[in-house]
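Here's the structure we're looking at; comments come further down.
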Protein chains: 2
Amino acid sequence: MAVERSGGGDPLKTLALLWRRPPEPKPVGRKPKVSVDQIVTAAIAVADREGLGAMSMARVAQELAVGTMSLYTHVPGKAELIDLMADAVLRERDLTPEGSWRERIKHYADRTRAVYRAHPWMRDVSMVRPPLGPGLMDGQEFVLAALADSGLEPRHVTVAHVAVEGFVHGAAASEVDDQQLARVTGESGDSWWGARQVFWDDYFDVERYPTMTNLWNAGAYETQGTLADNMRSSFDYGLDRLLDGIEGGLR
Amino acid sequence: MAVERSGGGDPLKTLALLWRRPPEPKPVGRKPKVSVDQIVTAAIAVADREGLGAMSMARVAQELAVGTMSLYTHVPGKAELIDLMADAVLRERDLTPEGSWRERIKHYADRTRAVYRAHPWMRDVSMVRPPLGPGLMDGQEFVLAALADSGLEPRHVTVAHVAVEGFVHGAAASEVDDQQLARVTGESGDSWWGARQVFWDDYFDVERYPTMTNLWNAGAYETQGTLADNMRSSFDYGLDRLLDGIEGGLR
DNA sequence: CCCATTTCCGTAGGCCATACGGAAAGAATA
DNA sequence: TATTCTTTCCGTATGGCCTACGGAAATGGG
């Protein structure tokens with residue numbers, strides 16, 4: 001299971017591709033069999049179905065019925081292709097600025113999570129040094145506008161933004177990690193924990209871990225629904241606490 | 001730049017290795033040249049110096065002056081080795097339960113960040129489906145005990161724990177991402193942004209991004225110190241807000 | 001038709017993880 | 001001392017991936 005980092009490759013080439021316009025037809029030369037858009041779309045489809053680890057240049061070429069090496073005429077490398085993919089799916093969010101600043105941030109969080117759920121391979125793409133494409137930038141403008149409307153000072157807006165952004169992407173990634181790993185290993189999250197029953201039986205030490213033991217006995221680990229449901233409720237809880245804390249700092 | 005996911009490999013074998021005792025000498029058979037501890041230590045040293053992507057089985061074997069394939073006698077595979085590495089560095093935290101519940105969580109956060117700073121490759125290891133080793137379990141017990149002491153109900157302790165854990169690891173990873181990428185690409189974070197100056201010049205649209213433009217003009221993006229300093233202040237801000245929110249929920 | 005341009009893509013090279021099985025090392029036993 | 005059994009070592013081999021390079025193919029303009 002390999003994971004790729006966005007922001008790799010040549011920044012200038014990546015930028016040009018991220019902000020590309022529809023290509024003007026060239027007066028001379030061979031006509032292209034495929035476009036950059038088609039390559040990105042095919043790569044996303046492969047990653048959606050098989051995971052990012054299985055998305056090789058050869059696999060994408062196969063999807064497009066072209067030769068592997070021909071892809072390099074259009075994208076400089078795999079790293080750049082991943083940047084393009086990440087930005088393309090972020091563009092699916094369709095953020096609509098309605099309601100209070102908190103509602104807007106929650107809307108952003110929900111749409112971001114939806115993207116991770118639709119494309120679980122996003123978990124495997126670092127969003128810390130992200131591609132500065134339209135999908136990402138539009139999302140950041142959206143959150144910044146919401147935070148600016150909360151009454152925070154400019155300096156605190158940017159700091160809060162980093163905290164919110166980090167939380168949302170991190171939590172969304174955690175939430176789908178279960179789903180993504182299940183796909184790759186052919187094992188559901190619940191059965192993975194079951195397979196780890198051996199840990200509880202053979203290695204867990206109640207004297208070493210008294211709090212966990214007490215919490216277990218108090219029913220604190222009882223799940224309602226699936227693991228993903230619980231990740232979701234933790235996500236909501238954490239975001240609410242974070243927004244409460246930001247809001248508390250306004251008074 | 002490849003990134004690995006912990007929790008890979010055979011769970012039972014991994015558990016046995018995570019909770020291993022010093023090996024009893026065997027009555028017959030060839031004496032081992034290296035131990036599991038030595039392999040893990042060498043792998044950590046390689047990852048610290050060259051990044052996780054450069055840490056191949058061949059590279060670790062070279063570090064130990066043994067043949068690559070001999071490593072597989074001791075660890076089942078690379079995935080398991082990475083689990084062992086992650087747990088080993090988490091054990092470096094040396095958590096001491098002193099002070100209020102908030103102080104203890106902050107202590108945990110600081111120690112966790114220190115681990116990520118000392119071993120930036122931890123950024124590249126998913127901690128969502130983690131190895132259930134002593135390093136990790138001890139840390140979780142520590143946070144759970146702090147949260148239990150805050151007065152939260154058991155069910156809320158576990159939910160808050162997931163939020164805190166996710167925030168701390170995510171933020172720590174973000175903070176060192178800058179550092180890690182700089183090492184890999186031989187480029188500092190500041191110069192990376194500099195190289196992206198082209199974005200601001202050629203692609204940024206003030207009409208599309210009015211809030212960003214206003215914030216920029218208001219000096220909200222002016223940095224004090226390095227990018228890592230700013231990540232740190234965002235980390236502190238976010239954690240404070242999260243803990244404020246948790247504390248607010250107690251009243 | 002010829003030339004220049006653009007795209008296609010096979011070949012080749014380098015790197016990685018790891019299955020397999022013969023060889024080497026060491027202790028116990030006859 | 002020699003033999004046997006066990007354990008470890010590790011070279012060879014296999015399959016997979018990314019991408020540099022350069023000849024071939026396709027296309028339009030003069």
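By convention in this document, chain letters (A, B, ...) are assigned in the order of the sequence lines, proteins followed by strands, and residues within each chain are numbered from 1.
Side-chain N/O atoms of B/S70 include one lying less than 4.0 angstrom from OP1 or OP2 on D/dC10. Within the 4.0 Å cut-off from OP1 or OP2 of C/dT6, not a single side-chain nitrogen or oxygen of A/H74 is found. Regarding contacts with the backbone of D/dT8, every side-chain N or O of B/T73 stays at 4.0 angstrom or more from both OP1 and OP2.
Between the C1' atom of D/dC10 and the CD atom of B/Q62 lies a distance of 16 Å, rounded to the nearest Å. Whole-Å rounding puts the B/E24 CD to C/dA27 C1' distance at 17 Å. Nucleotide D/dC9 holds its C1' atom 12 Å from the CD1 atom of B/I39, rounded to whole Å. In this structure, B/L71 atom CG and D/dC9 atom C1' are separated by 11 Å, rounded to whole Å. D/dG16 atom C1' lies 15 Å from atom CD of A/E50, rounded to whole Å. Between the CD atom of A/Q38 and the P atom of C/dT7 there is a distance of 14 Å, given to the nearest Å.
By the side chain to side chain donor-acceptor pair (under 3.5 Å) test, B/H74 pairs with no residue at all, sequence neighbours left out.
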Under-3.5 Å N/O pairs linking protein and nucleotides 11-16 of chain C:
none

Should B/E175 and B/R123 be marked as a salt bridge (charged side-chain N to carboxylate O under 4.0 Å, His left out) after you check the CA-CA gap, both sets of side-chain angles, and the distance that decides it? CA-CA 9 Å; B/E175 189 177 326; B/R123 157 69 193 91; over 6 Å; no
Before giving the answer on salt bridge (charged side-chain N to carboxylate O under 4.0 Å, His left out), spell out for B/E50 and B/R59 the whole-Å C-alpha distance, their side-chain angles and the decisive distance to 0.1 Å. CA-CA 10 Å; B/E50 298 161 43; B/R59 184 71 195 79; 2.9 Å; yes
Could you go through A/Q140 and A/Y108, starting from their C-alpha distance and side-chain angles, then the distance that decides it, and tell me whether this counts as side chain to side chain donor-acceptor pair (under 3.5 Å)? CA-CA 10 Å; A/Q140 296 207 345; A/Y108 173 81; over 6 Å; no
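Each of A/Y72 and B/G67 was matched to the nucleotide of DNA chain D holding its nearest heavy atom; the match closer to the 5' end belongs to B/G67.
In this structure, OG1 in A/T41 is found 9.0 Å from CG in A/L64, a value given to the nearest 0.5 Å. For the atom pair CG (B/D87) and CG (B/D138), the distance works out to 8.5 Å, reported to the nearest 0.5 Å. Atom-to-atom distance recorded for B/I82:CD1 and B/M55:CE is 4.5 Å, nearest 0.5 angstrom.
Under a cutoff of 6.0 Å and an axis angle of 45°, A/R113 and A/F235 form a cation-pi pair.
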For nucleotides 22-30 of chain D, just jot down a letter per nucleotide in 5' to 3' order: B, S or -, based on protein non-hydrogen atoms under 4.0 Å. ---BBBSS-
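Annotation: A/W216, atom CH2; neighbour count of heavy atoms from other residues, nucleotides and ligands within 6.0 Å does not exceed 12.
Counting any heavy atom pair closer than 4.0 Å across all strands shown, B/V34 reaches sugar-phosphate atoms only and no base atom.
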